[in-house]
*Asks:* 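Let me begin by handing over the structure; questions about it come next.
Atoms considered below: every heavy atom in the structure, side chains included; atoms not considered: hydrogens, waters and symmetry mates. We're numbering straight along the sequence, starting at 1.
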Amino acid sequence: MTELELTPQQIEAKRAAGESMCLIDCREPEEWALCRIEGANLLPMHSTPAHLQQLDAQAEETLLVVYCHHGVRSLNVVSWLRAQGVDNCVSMTGGIDRWSREIDPAVPRY
């Protein structure tokens, strides 16, 4: 995979088509408490290195889709993962804020 980022529309299209993916929210627990995307897993950015082996194994099975509030932290996480050899991962552009605006308005914005 070469793209570092996918839009919320591209991700939702993949989900709707039944493609397997693992949604990873790299925000902090306080942000997670405010809103989240159904089915996502919380893995705060700072804890990513400690979970590298687990993420690498997961990426062997399915696409990792990392998101944050606006897409900056998730892009950093994906760039770092790619540098570690975990290629099957992308950042969601615009983060959960864009997801809420364009895909699921039931997800609160903050």
Side-chain angles (χ1 to χ4, degrees):
M1 174 165 290
T2 55
E3 294 176 273
L4 277 179
E5 297 180 290
L6 292 177
T7 65
Q9 289 82 3
Q10 289 171 304
I11 292 164
E12 182 57 20
K14 286 177 175 294
R15 280 177 32 148
E19 288 187 38
S20 176
M21 65 180 65
C22 178
L23 284 173
I24 299 170
D25 188 328
C26 70
R27 297 175 303 148
E28 293 300 312
E30 313 78 70
E31 294 173 285
W32 171 263
L34 296 172
C35 62
R36 68 188 68 126
I37 296 172
E38 188 66 36
N41 302 291
L42 178 64
L43 184 65
M45 181 179 182
H46 65 84
S47 64
T48 303
H51 291 90
L52 177 58
Q53 195 170 15
Q54 170 190 343
L55 292 167
D56 190 29
Q58 182 72 44
E60 295 286 329
E61 304 295 320
T62 188
L63 175 66
L64 305 181
V65 176
V66 185
Y67 72 90
C68 59
H69 190 197
H70 289 115
V72 177
R73 285 174 283 180
S74 57
L75 185 56
N76 285 328
V77 168
V78 166
S79 296
W80 185 83
L81 286 170
R82 295 272 183 106
Q84 309 311 307
V86 181
D87 295 325
N88 196 21
C89 59
V90 294
S91 172
M92 183 169 69
T93 58
I96 196 168
D97 188 70
R98 184 170 172 186
W99 179 270
S100 175
R101 286 184 286 118
E102 299 178 8
I103 303 297
D104 186 358
V107 173
R109 294 180 64 211
Y110 64 100

*Asks:* Please give me the minimum heavy-atom distance between Val90 and Glu3, naming the atom from each residue.
*Replies:* CG1-O, 3.6 Å
*Asks:* Out of curiosity, Arg109 CZ to Arg101 CZ, how far, rounded to the nearest 0.5 Å?
*Replies:* 5.5 Å
*Asks:* Quick check against the 3.5 Å criterion: does Gln10 have a side-chain atom that pairs as donor or acceptor with the backbone of Thr7?
*Replies:* yes
*Asks:* Could you check whether any side-chain N or O of Asn88 sits under 3.5 Å from a backbone N or O of Leu64, counting only pairs where one atom can act as donor and the other as acceptor?
*Replies:* no
*Asks:* Quick one: pull up OG1 in Thr48 and CG in Asn76 and give me the separation to the nearest 0.5 Å.
*Replies:* 10.0 Å
*Asks:* Can you see which heavy atom on Val107 is nearest to which on Arg36, and at what distance?
*Replies:* CG2-O, 4.0 Å
*Asks:* With side chains defined as the heavy atoms from C-beta onward, is the minimum distance between Leu81 and Leu52 less than 4.5 Å?
*Replies:* yes
*Asks:* Do Arg27 and Ile96 have side chains that approach each other closer than 4.5 Å (heavy atoms only, starting at C-beta)?
*Replies:* yes
*Asks:* Thr93: which residues meet the side-chain hydrogen bond (donor to acceptor under 3.5 Å, both in side chains) condition with it, sequence neighbours left out?
*Replies:* Arg98
*Asks:* Using a 4.5 Å cut-off on heavy atoms from C-beta on, say whether the side chain of Trp32 contacts that of Pro44.
*Replies:* no
*Asks:* About how many Å separate CG of Leu63 and CG of Leu23, when rounded to the nearest 0.5 Å?
*Replies:* 9.0 Å
*Asks:* Measure across Ile103 and Pro105 and return the closest heavy-atom pair with its distance rounded to 0.1 Å.
*Replies:* O-CD, 3.7 Å
*Asks:* So does Glu38 pair up with Arg15, basic N to acidic O under 4.0 Å?
*Replies:* no
*Asks:* Give every residue pair that meets the salt bridge (charged side-chain N to carboxylate O under 4.0 Å, His left out) criterion with at least one member in residues 52-63, sequence neighbours excluded.
*Replies:* none
*Asks:* Do Ile24 and Tyr67 come within less than 4.5 Å of each other through their side chains, counting heavy atoms only?
*Replies:* no
*Asks:* Would you mind listing every ring pair (Phe, Tyr, Trp, His ring centres under 6.0 Å) that reaches into residues 85-110, with sequence neighbours excluded?
*Replies:* His69-Tyr110
*Asks:* Between OG of Ser91 and CG of Leu6, what distance do you get to the nearest 0.5 Å?
*Replies:* 9.0 Å
*Asks:* I need the minimum non-hydrogen distance between Pro108 and Leu34, along with the two atoms involved.
*Replies:* CG-O, 3.9 Å
*Asks:* So which heavy atom on Cys22 is nearest to which on Asn41, and how close?
*Replies:* SG-ND2, 3.5 Å
*Asks:* Which heavy-atom pair separates Met92 from Ile37 by the least distance, and what is that distance?
*Replies:* CE-CD1, 3.8 Å
*Asks:* So do the side chains of Cys89 and Gln58 get within less than 4.5 Å of each other, counting heavy atoms only?
*Replies:* no
*Asks:* Same cluster or not: are Leu4 and Leu55 linked, directly or through other Ile, Leu, Val, Met, Phe, Trp or Tyr residues, by side-chain heavy atoms under 4.5 angstrom apart?
*Replies:* yes
